[in-house]
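These notes concern the structure reproduced below.
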Amino acid sequence: MRLFRSEEHVMRWSEKSGIPVGEVFSLDSLWRLAQMWFHDRLSPSWRRPTMDEAHAVFAQAGLTGSFWRLDA
Amino acid sequence: MDTTSFDTSVRLAIMDGFLTGATPSVGAVASALGTDIGSVEAAFDRLAAGRAIVLTPGTRDIRMAAPFAGVPTDFRVRVGERSYYANCIWDAVGIPAMLAGAAPSADARIETECADCSAPVGLAVDAGRLTTDVPGAVVHFAVPAARWWADIVFT
């Protein structure tokens with residue numbers, strides 16, 4: 001889960017490393033994801049989200065498709 | 001105190017340890033909670049089994065307590081006078097996201113680098129807004145969600 005200067009850098013890294021490109025998305029999506037995922041981490045009532053809850057968070061951040069399925 | 005409540009206390013003591021600037025050891029958590037080492041060791045094992053923390057194999061050293069990293073990484077997050085390491089870019093922005101509402105200010109500076117060319121990339125969170133000094137920067141997740149925990153350190 002890394003940051004790249006641009007999508008071209010992702011492609012170049014993939015060619016060099018031999019690791020296929022997974023999902024490329026914006027910092028806006030990442031920020032939405034992080035806010036929903038971590039907002040309650042310091043709460044005594046925090047627990048790991050269920051699979052359905054996790055899928056809902058991904059979807060609300062605009063991250064959909066089989067890549068984001070925990071049961072794929 | 002039942003096991004679940006005790007594990008919550010241990011988890012929160014771990015997070016508090018990270019927030020005050022150090023990767024917490026079993027001994028430090030036991031001391032903070034005024035309890036014995038063995039009870040905290042067992043709680044660490046249960047929290048690791050439940051994926052609330054990740055331990056370095058063969059030890060009870062905390063490798064990850066998301067969003068915090070227990071070892072230096074390429075993702076450094078500065079909040080006020082404090083500096084933390086995160087496990088990945090998701091966790092790096094997760095630190096100010098977590099602190100929002102729990103700290104006087106969750107404004108943060110995140111220092112990382114392009115995973116391709118190693119050029120520095122800076123991010124900032126100010127008043128709940130994330131910005132970057134590299135406007136074209138993008139996030140890349142290589143591993144599909146279903147396989148994240150097959151090798152969580154690589155993920």
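Order of the sequence lines sets the chain letters (A, B, ...), proteins ahead of strands, with each chain counted from 1.
Residues B/Leu55 and B/Leu12 do not share a hydrophobic cluster, defined by chaining ILVMFWY side chains whose heavy atoms lie under 4.5 Å apart. With hydrophobic clusters built from ILVMFWY side chains whose heavy atoms lie under 4.5 angstrom apart, B/Trp148 shares a cluster with A/Ile19. If you chain together hydrophobic residues whose side chains sit under 4.5 Å apart, B/Tyr85 and B/Met64 never meet in one group. Clustering ILVMFWY residues whenever any of their side-chain heavy atoms sit less than 4.5 angstrom apart, transitively, puts B/Val10 in the very cluster that holds B/Ile37. Hydrophobic clustering, with ILVMFWY side chains joined whenever heavy atoms are under 4.5 angstrom apart, groups B/Val138 together with B/Val121.
Taking a 6.0 Å sphere around CZ of A/Arg48, one finds it holds more than 12 heavy atoms contributed by other residues, nucleotides or ligands.
For the pair A/Arg41 (side chain) and B/Ala66 (backbone), a donor-acceptor distance under 3.5 Å is present.
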Report task. Would you sort out whether A/Arg2 and B/Asp116 count as a salt bridge (charged side-chain N to carboxylate O under 4.0 Å, His left out), showing the intermediate values? Result -> CA-CA 10 Å; A/Arg2 302 294 302 256; B/Asp116 171 46; over 6 Å; no
Report task. Mind running side chain to side chain contact (heavy atoms under 4.5 Å, CB included) on A/Met1 and B/Val139 for me, showing each step along the way? Result -> CA-CA 7 Å; A/Met1 301 174 179; B/Val139 181; 5.8 Å; no
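Annotation: the span from B/Leu19 atom CG to A/Leu42 atom CG amounts to 6.0 Å, rounded to 0.5 Å. Expressed to the nearest 0.5 Å, how far NE2 of B/His140 lies from NE2 of A/His9 amounts to 14.5 Å. In this structure, the separation between SG on B/Cys117 and CH2 on A/Trp13 is 13.5 Å, given to the nearest 0.5 Å.
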Side-chain atoms of residues 20-31 of chain A: list all donor-acceptor pairs with protein atoms under 3.5 Å, sequence neighbours left out, distances to 0.1 Å.
from	atom 1	to	atom 2	distance (Å)
A/Glu23	OE1	A/Trp68	NE1	3.0
A/Ser26	OG	A/Asp28	N	3.4
A/Ser26	OG	A/Ser29	N	3.1
A/Ser26	OG	A/Ser29	OG	3.4
A/Ser29	OG	A/Arg32	NH2	3.4
A/Ser29	OG	A/Ala61	O	3.3
A/Trp31	NE1	B/Gly128	O	3.1

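In this structure, chain B has heavy atoms under 4.5 Å from both the backbone and the side chain of A/Leu33. For A/Ser43, the part lying near chain B is the backbone, with the side chain staying farther off; criterion is any non-hydrogen pair under 4.5 Å. With a 4.5 Å cut-off on non-hydrogen atoms, B/Asp91 touches chain A through its backbone and its side chain both.
Across all non-hydrogen atoms, the minimal contact from A/Ala34 to B/Trp90 is CA-NE1, 3.9 Å. Contact record, A/Phe67 with B/Val143: CZ-O, 3.1 Å, taken as the closest heavy-atom pair. Heavy-atom minimum distance, B/Ala145 versus A/Arg69: CB-O, 4.0 Å.
When each of B/Met15, B/Arg11, B/Arg51 is checked for heavy-atom pairs under 4.5 Å with chain A, B/Arg11 comes out on top. With respect to chain A, the highest number of heavy-atom pairs below 4.5 Å among B/Pro135, B/Gly94, B/Ala115 belongs to B/Ala115. Of the residues considered (A/His39, A/Glu8, A/Arg12), A/Arg12 shows the highest number of contacts with chain B, using heavy-atom pairs under 4.5 Å. With chain A as the partner, the residue from B/Ala92, B/Cys114, B/Pro96 showing the most heavy-atom pairs under 4.5 Å is B/Cys114.
Residues B/Met98 and A/Trp37 have side chains not in contact (no heavy-atom distance under 4.5 Å, counting atoms from C-beta outward). Between A/Leu3 and B/Thr132 there is no side-chain heavy-atom pair separated by less than 4.5 Å.
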